[in-house]
Amino acid sequence: MSDVLLGLKNLKVIFPAQQGIVRAVEGIDIDILKGECVALVGESGCGKSVTSLAIMRLLNTPPALIEVESINLGGDEITKYSENKMQDVRGKQISMIFQDAMTALNPVMTVGKQIDEVFIKHNKLSKKEARIETIKALRLVGIPEPESRAKAFPHQLSGGLRQRVLIAMAFACMPKLIIADEPTTALDVTIQAQVLEVLRNMQKSHNVSLLLITHDLSVVAHTADTVYVMYSGKIVEKAKVEDLFREPHHPYTEGLLGSIPRLSDTTKHFVQIPDSVPHPMFKPTGCYFHPRCKYATDICKEKMPPLVRLDNGREIRCYHPINFSGGENNE
Amino acid sequence: MKVLKKVLRKILNSLIGIGLFIGKIWKHKKGKIGLILVALLAFVAIFAPLIAPFDPYDVTERAAKGLSPSWEHLLGTTINTGQDIFSMLIYGTRVSLLVGLVTGIAIAFLGAILGIIAGYVGGMADNLIMRIVDIMLVIPTLPLTIVITNLFGKSYFIIVFIFVIFGWTGLARVIRSLVLVLKNSNYVKASELAGGSRWHIMTKHILPGVSHLLIMNTALTCAGIMVAEAGLSFLGLGDPTAISWGKMLAEAQSGGALLFGHWWWIIAPGIGIFIAVFAFMRIGLVMEEILNPRMKASSGIFKLFKTLNNTYIQEVFDGMNEEVLTTKEGEIS
Amino acid sequence: MSKNPIIKIENLYVDFPVKGGLPFQKKKHISAVSDVSLEIYPGETFGIVGESGCGKSTLANAMVGMVKPTGGKVIFKDKDLFSLNRTDFKKTRSDMQMIFQDPFSSLNPRFSVFQLISEPMFIRGGFTKKEMEQRVLELLKLVGLDEKDLHRYPSDFSGGQKQRIGIARAISLNPDLLICDEPVSALDVSVHAQILNLLIDLQEHLKLTYVFISHNLAVVKNVCDRILVMYLGKVMEFGSTKAIYKNPLHPYTNALISAILDLDIKREKTILKGDIPSPIDPPKGCRFWQRCPYAMEGCIDIPAPLLEVEENHFVACHKLSGFNEEQIKNGLDKRINKDE
Amino acid sequence: MQKSFIIKRIIYAIFIFFVVLTLNFFIPRLGVDDPAERYYPPQGNMSDIEYEIIKQVTREQYGFDVSTFKQYTNYVEGLLRFDLGTSFRTGNPKVSTLIAERLPWTLVLSVSNLVISLCIGLIFGTVAAWKRGRWQDSLLLNLSTISVALPAFFIALILSFYFGFELELFPAYTNPNMVSQFDWSWEAIKVVFFNAALPIISMSIGGIIGYSQRTRNSVIAVTNEDFVLTARAKGLSQNKVLFKHTLRNAMLPIVTAVGMSLSGLIGGAVIIEQIFNWNGMGTLFLEANNTNDYPLMMGIMLFMSTIAILANLIVELTYSLLDPRITVGEKR
């Protein structure tokens with residue numbers, strides 16, 4: 001198990017509120033290997049962003065309450081770190097790329113300065129040395145004329161460039177792990193392709209682990225190695241990316257894959273999942289997916305299925321998994 | 001007949017709306033205090049002659065000047081004229097409330113109309129209104145009020161007039177920016193597409209959309225106006241014959257309350273102003289909380305966290321624990 | 001399809017003045033839509049595709065008369081929309097309805113579902129309350145909502161359900177043309193399919209004509225019969241969906257299609273360089289030349305004409321239209337060397 | 001872009017100035033045909049002929065003997081020479097001289113008020129935002145409701161009563177010799193300090209709480225922004241996040257608030273000055289009012305408006321320096 005970079009065990013996050021308790025994350029385990037790209041896929045409100053912030057220990061208590069068995073980063077247990085020590089970890093060992101670069105960058109500070117800060121904090125460089133490094137970092141992510149762009153304010157850059165600045169900032173100290181929270185969602189399609197390309201190249205060439213958080217399975221297809229599918233605060237399926245796309249075991253995954261329009265499709269209608277995601281405060285009994293599941297039986301309504309770890313490394317939480325050799329729901 | 005029925009129904013509807021609205025404020029603990037206080041003040045103002053033990057204007061018959069508080073004169077009498085301070089305090093409610101409410105409502109009307117015109121009609125009208133706002137903002141209000149009272153004589157009518165003339169600008173700005181947001185919202189667009197007239201959109205979408213903000217602002221302006229009225233009365237710019245809290249303070253100062261240590265003469269009108277302003281402020285702030293829940297949520301959450309039962313939380317966490325099964329492929333289910 | 005077009009757009013231009021600048025300076029303009037002509041026939045689904053700032057939403061808004069064009073005509077049911085008087089304009093226009101991108105802002109939070117859906121009927125007038133209620137219930141059933149939802153408010157619904165309410169409102173007056181402005185892009189992935197299927201079913205059921213605006217070519221492919229690809233306010237490619245997907249001729253369309261992260265086909269991808277330029281004072285020639293991998297000297301100054309290369313397949317690209325002899329003599333056909 | 005923004009703002013400020021100036025010229029002429037009547041109202045024991053003569057003298061002395069338009073151009077022309085007209089007082093002093101005499105004394109009050117309110121308010125507000133939801137925060141919330149409901153002049157009266165008359169710690173009325181005997185000596189400054197203490201305190205209580213409340217709201221709003229999260233994710237210390245990222249952005253609305261209060265810098269202390277008998281612009285204005293000294297009143301009004309216009313201009317330009325997004329009139 002020495003090649004596990006980040007081991008997250010049994011993370012639970014809840015948000016108490018006046019009307020009740022929001023169970024955002026209900027005990028999830030995630031392992032990220034060195035140099036691997038792991039994708040955490042789920043729809044809005046499934047707790048994927050909360051998970052990423054919990055790993056960085058950036059969730060504020062209150063409003064959040066967190067219980068976690070262990071967050072192990074390269075052999076060190078970071079749950080026991082003091083806030084000061086944690087500050088040395090953030091940006092240096094784990095860093096983050098946020099969804100909307102427009103709001104994630106300080107509007108009144110030049111982008112160069114914002115990247116300088118990382119070098120000044122972690123590499124103890126002077127301002128001048130930091131700027132040299134910053135320009136190097138900007139060039140690395142393919143920003144043309146990095147010297148002048150470093151002096152620009154965020155609003156003076158286009159969306160694609162801003163996102164690249166965030167990537168440069170995340171890769172500044174070459175951390176062991178980068179968490180990218182919906183890094184391309186806010187971008188145009190052609191720009192999205194550029195940014196994903198940059199992200200993937202950076203990750204592969206510097207052998208950094210990447211936790212990619214997204215709702216878009218098609219982004220995952222060409223980027224990730226391992227995929228975790230999350231639904232309503234629980235992991236419902238884990239698999240290698242090829243396995244997942246070839247034969248999804250969980251009905252939810254099947255539904256997600258079906259709702260992505262493919263160029264090769266010939267029918268006019270889409271495969272659809274009925275209904276919508278349950279409210280995190282009022283989740284159904286039993287399997288959270290059962291009201292939307294076409295395979296649901298009585299047991300699904302009563303009891304949450306356990307997470308089953310298969311010997312080929314896949315995980316699945318379902319009473320009636322599909323696409324199994326010998327499974328009950330094969331067409 | 002039909003028109004009358006329609007109008008009556010409209011009035012009834014809006015009354016129900018106001019009732020529901022007051023109910024909403026009533027639900028807040030803070031709002032309840034505000035509503036009770038306002039009701040109390042209104043009661044005092046309306047029935048002032050019945051409540052006040054003496055005629056506050058009476059300066060002739062009483063020889064007893066400068067009395068300290070006693071059961072007969074709850075707050076004593078004035079040093080120079082021997083008026084009953086408690087009765088003056090009761091009568092002072094009238095001016096304060098009247099000026100505050102009339103100005104507040106007039107400002108609400110003017111500000112809402114001009115703000116909506118500026119925001120919804122746009123173009124030249126918007127330009128004109130916003131330029132006027134800019135000019136109003138740089139003219140010093142208090143000195144101008146003094147000049148105007150000098151020119152046209154002292155009366156509360158003039159004061160209300162000037163307050164309204166200067167007071168609408170802030171409201172119009174706020175309303176305008178909200179109207180701009182509403183105007184560009186998709187539901188207004190949908191309504192326009194369906195053939196909705198300007199009138200329809202204005203009355204069905206824009207006006208209800210700004211109503212909460214309008215009421216909140218009116219409550220806060222009333223509060224602010226009452227302070228300003230007290231200030232002007234203090235300077236002697238109000239109606240010289242009326243009794244108002246501001247004028248009472250001025251009389252206390254000039255009449256030697258400070259010198260003779262008659263602190264109640266100063267405190268009493270001050271508390272009057274305080275209660276009136278406080279009541280309207282409270283209502284305004286509760287409105288703001290209803291409108292803008294993010295700002296207040298904080299303290300609620302902290303209180304919630306303090307009262308949360310730790311064992312319950314632990315149960316919630318423990319309830320999420322579960323076994324992970326390990327099996328070979330194919331042995332499932 | 002030799003029927004009469006339901007809506008016809010002729011050489012439409014829409015410019016917006018840019019705010020700011022000194023009063024005596026020359027005003028700058030955003031050229032949002034530039035020289036667009038198209039015809040949409042009854043019963044078809046017409047797709048308009050492009051990235052942000054390409055003018056697709058402006059084009060849609062001009063179609064329904066929400067934006068006044070600076071040039072050109074919009075002819076809806078043989079009537080020139082912008083030469084009508086106010087009442088006729090409104091009457092004509094109410095046969096076109098729109099479904100908005102963001103279901104959260106397209107429903108007035110103060111209205112109940114009944115009020116929301118019946119608003120168009122209320123505006124048109126001539127319905128009794130009972131008729132309206134009847135019709136609203138009918139519509140609710142049609143879009144897959146429950147009768148019990150009638151007196152609930154938008155905040156009680158999920159994104160997908162809100163969008164259903166929006167659709168019900170749009171079809172309440174039996175419009176002929178429905179403009180869907182990115183109807184699913186603000187929704188959860190698992191809900192996309194529901195809404196798209198609903199739209200497809202409604203079209204069959206109610207014989208609607210759709211204008212379908214999207215940035216996602218994959219969505220458009222299944223739904224649309226014909227597609228118009230726009231870039232910076234200009235038409236780049238235009239034709240039947242089949243033709244465009246089988247044989248994308250414009251480099252931009254090609255890039256858009258290859259940007260779809262398809263699950264099945266691992267094909268060679270063309271990733272465009274650079275960013276979408278500002279629509280203020282756009283390039284004089286072909287608006288795409290700065291990002292085009294095949295850009296030639298002539299592309300900088302000479303706009304590419306929209307040519308019919310196959311039957312019903314139009315492309316605006318110098319690569320296909322070529323240059324005349326004189327221009328070739330001047331070296332306009334040389335590729336611009338891009339330092340890689 | 002920057003340059004054209006500045007030019008635009010300056011042109012606009014000049015436009016506003018001219019409108020205000022024109023209003024200022026016409027307001028005292030409201031309702032009367034002969035401005036001299038306004039400047040010298042009829043008195044009971046005066047015969048018609050006498051009054052006519054006096055009016056004639058007034059007209060000549062104040063330049064009312066020409067057409068209104070000419071008067072207006074003369075007025076504007078005078079302004080260009082910083083001449084605000086002649087006061088109606090005995091000895092006919094220039095309005096500008098009178099203002100210059102009193103201005104520093106008002107500034108003593110209002111500038112110290114502004115500085116004190118701003119400094120303490122910023123600190124309190126930041127603390128309250130930092131300790132959001134704890135007792136510091138709720139204390140501020142309650143204080144802010146109370147402070148609005150307690151007008152400054154009421155606080156002034158209470159302070160003057162308690163500290164001036166009961167404890168006799170500070171003078172309840174300003175020493176009339178303070179102004180005439182001021183010679184920049186240490187003693188004189190001490191006297192000023194003692195006399196100004198109560199007025200400044202009574203003015204700044206509301207200001208402190210107001211700025212605290214604004215700062216608190218603004219800091220909390222910025223703390224919820226994504227870029228603060230980014231800064232924390234970079235590993236910056238809490239202090240760095242607070243000072244380099246949060247506060248600078250939170251300052252933007254505060255700058256507007258300061259600008260608003262700048263415009264009231266001179267006219268804001270009328271009542272306080274009156275209570276403490278402070279020899280500033282406010283009392284000067286009230287004196288002018290009592291003697292119907294219109295040139296002086298309108299001169300002070302115009303002066304105040306001009307300060308307000310300048311203050312607005314400065315705020316807009318400062319804002320554009322602090323927030324680089326402002327000057328951009330176009331997207332991207």
Side-chain angles (χ1 to χ4, degrees), chain A residues 49 52-53 55-60 62-63 83-110 113-122 151-159 161-162 165-166 169-170 172-173 175 178-179 181, chain D residues 1-2 5 129-138 218-256 315-332:
Chain A
S49 293
S52 69
L53 291 176
I55 294 172
M56 294 287 276
R57 289 186 46 199
L58 279 174
L59 275 180
N60 288 332
E83 173 60 27
N84 264 344
K85 211 166 172 198
M86 206 49 220
Q87 280 165 7
D88 290 331
V89 173
R90 290 181 202 132
K92 176 85 177 167
Q93 299 192 41
I94 315 178
S95 62
M96 247 185 124
I97 300 169
F98 291 95
Q99 173 175 166
D100 184 0
M102 188 66 209
T103 58
L105 289 169
N106 188 338
V108 304
M109 221 182 203
T110 61
K113 251 196 189 151
Q114 297 186 49
I115 304 179
D116 289 350
E117 282 183 336
V118 186
F119 291 111
I120 294 169
K121 160 80 190 178
H122 295 296
K151 291 187 198 120
F153 289 99
H155 70 270
Q156 291 164 332
L157 300 178
S158 67
L161 283 185
R162 276 199 292 266
V165 167
L166 274 191
M169 191 188 287
C173 291
I178 286 180
I179 302 175
D181 188 355
Chain D
M1 218 54 218
Q2 186 85 22
F5 175 78
W130 204 241
K131 306 269 177 189
R132 194 177 170 191
R134 324 266 164 92
W135 66 268
Q136 293 96 329
D137 193 18
S138 31
S218 172
V219 168
I220 286 178
V222 175
T223 313
N224 290 334
E225 297 266 356
D226 281 358
F227 64 81
V228 174
L229 199 61
T230 317
R232 285 173 67 202
K234 278 193 266 190
L236 298 185
S237 64
Q238 290 191 334
N239 282 340
K240 270 240 168 90
V241 173
L242 179 65
F243 286 106
K244 288 192 85 174
H245 290 273
T246 313
L247 276 188
R248 180 154 176 215
N249 283 282
M251 281 312 287
L252 295 175
I254 308 292
V255 169
T256 322
V315 166
E316 265 167 4
L317 298 185
T318 320
Y319 207 102
S320 75
L321 274 183
L322 281 179
D323 189 345
R325 288 165 296 182
I326 286 300
T327 51
V328 185
E330 57 201 58
K331 279 183 190 167
R332 223 177 288 233

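Below, read A as the first sequence line, B as the second, and so on, with proteins coming before strands; counting in each chain starts at 1. No experiment lies behind these values; they were computed from the predicted model shown.
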A:Glu117 side chain near D:Leu236 side chain, heavy-atom distance below 4.5 Å: yes
Please determine, among A:Leu105, A:Ile94, A:Ile97, the option with the most heavy-atom pairs under 4.5 Å with chain D. A:Leu105
State, yes or no, whether a side-chain contact exists between A:Val108 and D:Leu322 at a heavy-atom distance under 4.5 Å. no
Part of A:Lys121 within contact of chain D (heavy atom distance under 4.5 Å): side chain
Top contributor to chain A interface from D:Lys240, D:Arg248, D:Gln238 [non-hydrogen pairs under 4.5 Å]: D:Arg248
Please evaluate residues A:Leu53 and D:Leu229 with respect to the criterion side-chain contact (heavy atoms from CB on, under 4.5 Å), reporting the C-alpha separation (whole Å), side-chain torsions for both, the decisive distance (0.1 Å), and the verdict. CA-CA 10 Å; A:Leu53 291 176; D:Leu229 199 61; 3.8 Å; yes
Between A:Met96, A:Met109, A:Met86, A:Gln99, which shows the greatest number of heavy-atom pairs under 4.5 Å with chain D? A:Met109
Looking only at A:Pro154, A:Gly91, A:Pro107, A:Cys173, most heavy-atom pairs under 4.5 Å shared with chain D are made by A:Pro107
Validation row: A:Arg162, A:Leu157 side chains within 4.5 angstrom (heavy atoms): yes
For D:Trp130 against D:Leu242, the heavy-atom pair lying closest together: CZ3-CD1, 3.9 Å
With only heavy atoms counted, which part of A:Asn60 is less than 4.5 Å from chain D, the side chain, the backbone, both or neither? side chain
